[in-house]
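Keep in mind that what you see is a predicted model, and the values were worked out from it rather than measured. For ligands, and for the atoms within them, numbers begin at 1 and follow the listed sequence.
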Amino acid sequence: MSFLKEIEHRRTFGIISHPDAGKTTLTEKLLLFGGAIQEAGAVKSNKAKKGATSDFMEIERQRGISVATSVLAFEYDGIKINILDTPGHKDFAEDTFRTLTAVDSVIVVIDVAKGVEEQTEKLVEVCRMRNIPMIVFINKMDREGKDAFDLLDEVEQKLGLKVTPLSFPIGMGYDFKGIYNLWEKNVTLFSGDSRKDIEETIEISDLASEELTKLIGEKSAKLLREEVELIEGIYPKFDKTAYLNGHLQPVFFGSALNNFGVRELLDCFVEIAPKPRPKHSEERLVKPEEKKFTGFVFKIHANMDPNHRNRLAFIKIVSGTFERNKPYLHVRQNKKMKFSSPNAFFAEKKEIVDISYPGDIVGLQDTGTFKIGDTLTEGEILNYKGVPSFSPEHFRYINNADPLKSKQLNKGIDQLMDEGVAQLFTLELNGRKVIGTVGALQYEVIQYRLEHEYGAKCTYENLNVHKACWVEPENKNNEEFKEFLRVKQRFLAKDKQNQLVFLADSMFSLQMTQQKYPSIKFHLTSEYN
Ligand code: G4P
């Protein structure tokens with residue numbers, strides 16, 4: 001296959017949802033359709049298997065959340081699909097935000113009974129800001145839930161989306177009969193009392209036909225006709241360009257658990273979802289079709305196997321081909337590197353590959369040279385944008401609990417921060433280290449990993465910080481900035497990139513500081529310029 005064809009034939013996306021909406025179940029069903037797994041339950045049991053090989057993963061398993069973001073690839077209809085799994089748990093939101101820098105589109109899963117939940121709102125907002133094309137899948141239609149039209153309203157209002165349904169449920173919960181596919185103009189019906197199987201898919205060219213009445217009964221047929229008329233009256237016609245630009249989001253209904261509506265979703269997905277998209281670097285826009293390889297690290301996965309203390313850096317290929325044993329430039333370190341065993345990912349395994357294409361993810365063995373956001377190229381000085389840090393929500397001092405192991409502790413903290421587990425701030429006044437996290441759970445993870453992977457012990461001490469703000473002075477030499485540095489010294493720290501950060505202890509003090517020093521800008525994300 002030619003290079004351009006390889007690009008055309010890839011779709012790299014992520015599934016986002018609030019925990020429990022059915023992301024794992026849907027992923028699994030997509031893999032089943034792609035023939036990548038043979039039985040339901042494989043994705044979860046895969047998680048469990050990993051749990052058995054590492055104690056840290058055991059924590060993950062017990063907590064029932066996916067700490068790790070993994071890649072699952074399969075082929076469907078001649079298209080190579082890469083699913084980047086995203087942790088749903090809010091404490092790992094930053095991990096998910098970073099993964100969203102590597103996807104070309106997303107599927108948003110919503111539970112029909114619960115509607116739009118908090119975590120979905122946050123994640124969709126990030127996608128909206130980046131104009132990532134989104135498809136919405138309303139799941140669990142086999143259960144009683146909200147009225148479909150109310151739910152579409154909720155999705156528009158709470159998520160700020162402009163939707164258009166491409167499938168519509170016939171009934172719900174106990175009365176759920178099937179799905180009308182507005183995209184392909186056919187009806188798929190459930191069979192049996194259990195409503196577990198797909199009975200048949202019937203082409204319906206005319207909704208007014210008697211055939212429909214025979215199939216689903218007079219009442220349901222009448223209702224469906226009215227509903228479809230309403231849909232066509234209220235919602236815009238699906239427009240692929242608007243979807244690709246992030247201005248229109250198609251909606252599908254179904255039940256991942258019962259395999260219902262999933263094929264419709266997948267068929268439409270392979271047809272409309274974007275092939276690998278161009279990406280902005282600080283220097284220029286890079287197109288996938290460019291011959292020379294470029295890519296960036298969006299995830300570092302550490303010590304999967306405690307016997308081999310290596311890490312796996314996940315690289316998204318943006319342009320060109322990535323080849324085994326070819327020298328590439330690690331731009332931040334200005335260092336040429338070769339990789340003898342790059343991994344490609346499949347549904348249940350990873351394998352060494354010789355060549356990978358834009359849209360693909362390769363896993364590179366790493367002994368500590370990579371940080372999240374690092375760029376690799378064939379020599380060009382290029383820095384990919386868009387792996388920002390946000391102000392953490394929790395802040396604690398980290399103390400060494402075993403003075404003989406301070407070297408191990410520092411190394412451990414350093415590496416865990418490069419992986420993006422949390423953020424480190426070093427106070428200007430006394431050099432004390434502060435760990436900032438999105439959720440309280442990370443403190444346990446860090447403590448556990450420092451002990452088990454680095455042999456170091458730590459304790460934490462509370463610190464009253466409301467937000468970390470990255471400081472941007474108008475002029476580093478003006479009196480106002482010098483006064484700010486003097487007066488607020490106690491609250492100033494450096495992040496790992498040596499950027500100056502103001503640790504505001506309350507909303508009030510942040511506002512007061514802003515008023516007092518109007519020429520200084522305070523940003524809640526590290527990526528402000
Ligand atoms: P997540 O990855 O988004 O957190 O959700 P997951 O797929 O694990 O699904 C959460 C729960 O919802 C699971 O039940 C799953 O079986 C159920 N579920 C998913 N899709 C559907 C659906 O279409 N209909 C119905 N009725 N349930 C659905 P669980 O009891 O928590 O887990 P399990 O014991 O079934 O694995």
task: Quick one: do F253 and F260 satisfy ring-ring contact (aromatic ring centres under 6.0 Å, His included)? Show the steps, please.
output: CA-CA 8 Å; F253 291 82; F260 224 83; over 10 Å; no
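Close contacts between ligand 1 and R143 involve ligand atoms 26 (N), 27 (N) [criterion: under 4.0 Å to a heavy atom]. In summary, the atoms of ligand 1 found under 4.0 Å from a heavy atom of S255, numbered by their order in the structure, are 22 (C), 23 (O), 24 (N). The distance from ligand 1 to the heavy atoms of A256 drops below 4.0 Å at these ligand atoms: 23 (O). For ligand 1, the atoms sitting less than 4.0 Å from at least one non-hydrogen atom of D20 are 1 (P), 3 (O), 4 (O), 5 (O), 10 (C), 12 (O), numbered in the order shown with element in parentheses. Every atom of ligand 1 with a heavy atom of S17 under 4.0 Å away is listed here by number and element: 3 (O). Close approach to K23 involves these atoms of ligand 1, each under 4.0 Å from a residue heavy atom: 1 (P), 2 (O), 3 (O), 5 (O), 7 (O). Close approach of ligand 1 to P19 (heavy-atom distance below 4.0 Å) involves ligand atoms 4 (O).
Side-chain contact check for Y76 versus I81: some heavy-atom pair is nearer than 4.5 Å. Considering only heavy atoms from C-beta on, F13 stays 4.5 Å or farther from L84 through its side chain. By the 4.5 Å heavy-atom criterion applied to side chains, K177 and S220 are counted as neighbours.
Applying the side chain to side chain donor-acceptor pair (under 3.5 Å) definition to pairs two or more places apart or across chains, those involving residues 152-164 are K146-E154.
Here Y243 pairs with nothing under the ring pair (Phe, Tyr, Trp, His ring centres under 6.0 Å) rule; sequence neighbours left out.
The part of D142 lying near ligand 1 is the side chain, judged by heavy-atom distances below 4.0 Å. The side chain of N139, and not its backbone, has at least one atom closer than 4.0 Å to an atom of ligand 1 (non-hydrogen atoms only; side chain from C-beta on).
The backbone N or O of I435 lies less than 3.5 Å from a partner atom in the side chain of Y443, making a donor-acceptor pair.
Ligand 1 has an N or O atom lying under 3.5 Å from an N or O atom of L257, backbone or side chain. The shortest N or O to N or O distance between G254 and ligand 1 is not below 3.5 Å.
With respect to R449 and E419, a salt bridge is recorded, a charged nitrogen being found less than 4.0 Å from a carboxylate O.
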